[in-house]
Amino acid sequence: MLGTGLGGLAEKVERPIVVPYREIPGFPETGVAGHRGELVLGRLEGVAVLLQSGRFHLYEGHDPETVVLPTRVFHALGIGTLIVTNAAGGLSPTFRPPVLMLIADHVNLMFRSFLAGPVVPPEERFPDMSEPYDRALRRLAREVALSGGIGLEEGVYVGLLGPSYETPAEIRMLQRFGDAVGMSTVPEVVAARARGMRVLGISTITNLAAGISPTALSHEEVLEAGMAVAADLERLVRGVLRGIG
Ligand code: HPA
């Protein structure tokens with residue numbers, strides 16, 4: 001799953017088959033700049049991949065079920081490993097954006113559940129969330145970063161509904177909860193774990209969060225910062241794919 005401004009990887013897929021969302025039942029069109037709205041199937045580093053270019057956010061007004069529909073579809077297609085990327089604001093004052101952050105865990109502050117309602121088999125009623133982000137995949141990502149000279153922080157991602165950025169007071173509160181803040185990823189990871197998929201999560205810390213940053217936040221800044229580390233992110237993901245393959 002490619003986060004804001006990170007869609008470039010989709011163009012590097014070998015022997016691509018592109019499926020626009022409008023051809024997929026139940027998939028709405030995406031409306032956020034930096035998110036395209038298509039699936040790209042093919043190969044990267046010798047591994048069969050399906051790239052989701054453009055995700056559905058709660059802040060767009062989508063139901064929780066719509067937000068997790070792609071994850072459920074990917075699992076039903078036989079996909080066992082999910083790599084999620086996103087753009088996030090840095091809560092940790094030691095982060096120097098733009099920089100990549102391996103997601104160690106998350107906090108759901110979206111005040112929504114993504115699995116409420118009738119159980120959707122093979123999901124269970126009360127899925128375990130004790131290791132949302134796979135330990136072995138995190139170790140692999142750290143090794144790839146170390147050997148490739150890629151700067152990689154690690155920390156807890158706090159997911160909020162958005163779409164307004166946070167206030168400085170909210171950021172002071174969130175600093176007790178985690179290391180990065182964003183508006184995505186939590187739904188997909190919860191749905192993936194409920195289906196037993198292995199998950200690797202990587203945030204691009206595009207900015208210091210409100211109140212820590214000396215300047216006002218803007219989506220343009222987020223897109224620009226995302227592009228600045230896109231090459232690092234691509235190398236990291238490719239290295240992880242080689243390790244998996
Ligand atoms: N807050 C929330 N989401 C974000 C931010 C932020 O500062 N930067 C990029 N996505």
Side-chain angles (χ1 to χ4, degrees), residues 1-9 30-37 52-62 64 67 83-112 114 132-133 151-190 200-234 236-237:
M1 282 177 192
L2 302 170
T4 300
L6 309 173
L9 201 56
T30 59
V32 187
H35 290 264
R36 286 173 76 116
Q52 184 188 2
S53 188
R55 56 151 68 89
F56 310 129
H57 304 87
L58 277 179
Y59 63 70
E60 294 172 85
H62 297 305
V67 176
I83 303 179
V84 276
T85 64
N86 61 46
L91 296 169
S92 168
T94 64
F95 287 176
R96 293 280 168 270
V99 67
L100 303 178
M101 185 192 87
L102 191 57
I103 306 180
D105 201 347
H106 73 223
V107 177
N108 179 4
L109 275 189
M110 295 179 162
F111 297 99
R112 294 284 190 291
F114 306 96
Y133 300 87
L152 185 64
E153 303 281 359
E154 182 160 352
V156 172
Y157 175 90
V158 187
L160 270 65
L161 179 55
S164 50
Y165 290 117
E166 303 72 30
T167 66
E170 287 165 345
I171 292 304
R172 285 196 296 277
M173 175 191 76
L174 295 176
Q175 283 178 313
R176 317 209 105 206
F177 290 40
D179 306 285
V181 58
M183 305 172 194
S184 67
T185 302
V186 169
E188 294 97 332
V189 173
V190 168
L200 177 69
I202 305 160
S203 290
T204 299
I205 308 298
T206 53
N207 56 279
L208 289 173
I212 319 176
S213 167
T215 57
L217 305 188
S218 74
H219 189 56
E220 287 67 39
E221 176 193 0
V222 168
L223 289 175
E224 261 172 48
M227 282 185 320
V229 283
D232 276 359
L233 181 62
E234 182 179 326
L236 183 58
V237 170

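Numbering starts at 1 and runs along the sequence shown. As the structure lists them, so they are numbered: ligands from 1, and atoms in each ligand from 1.
For His62, the side-chain hydrogen bond (donor to acceptor under 3.5 Å, both in side chains) criterion is met by no residue, not counting sequence neighbours. Under the side-chain contact (heavy atoms from CB on, under 4.5 Å) criterion, Asn207 pairs with Leu217, Glu221, Val222, sequence neighbours left out.
A heavy-atom cutoff of 4.0 Å around ligand 1 is satisfied by the protein residues Ala87, Ala88, Gly89, Tyr165, Glu166, Val181, Gly182, Met183, Thr206, Asn207, Leu217, Val222.
Between Glu166 and Val181 the shortest side-chain heavy-atom distance falls below 4.5 Å. The shortest distance between side-chain heavy atoms of Pro64 and Leu58 falls below 4.5 Å.
In this structure, a donor-acceptor pair under 3.5 Å is absent between the side chains of Thr204 and Thr206.
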Using residues 103-111 as the side-chain source, report each donor-acceptor pair under 3.5 Å to any protein atom, sequence neighbours left out, with the distance given to one decimal.
from, atom 1, to, atom 2, distance (Å)
His106, ND1, Tyr133, OH, 2.8
Asn108, OD1, Met110, N, 2.9
Asn108, ND2, Arg112, O, 3.1

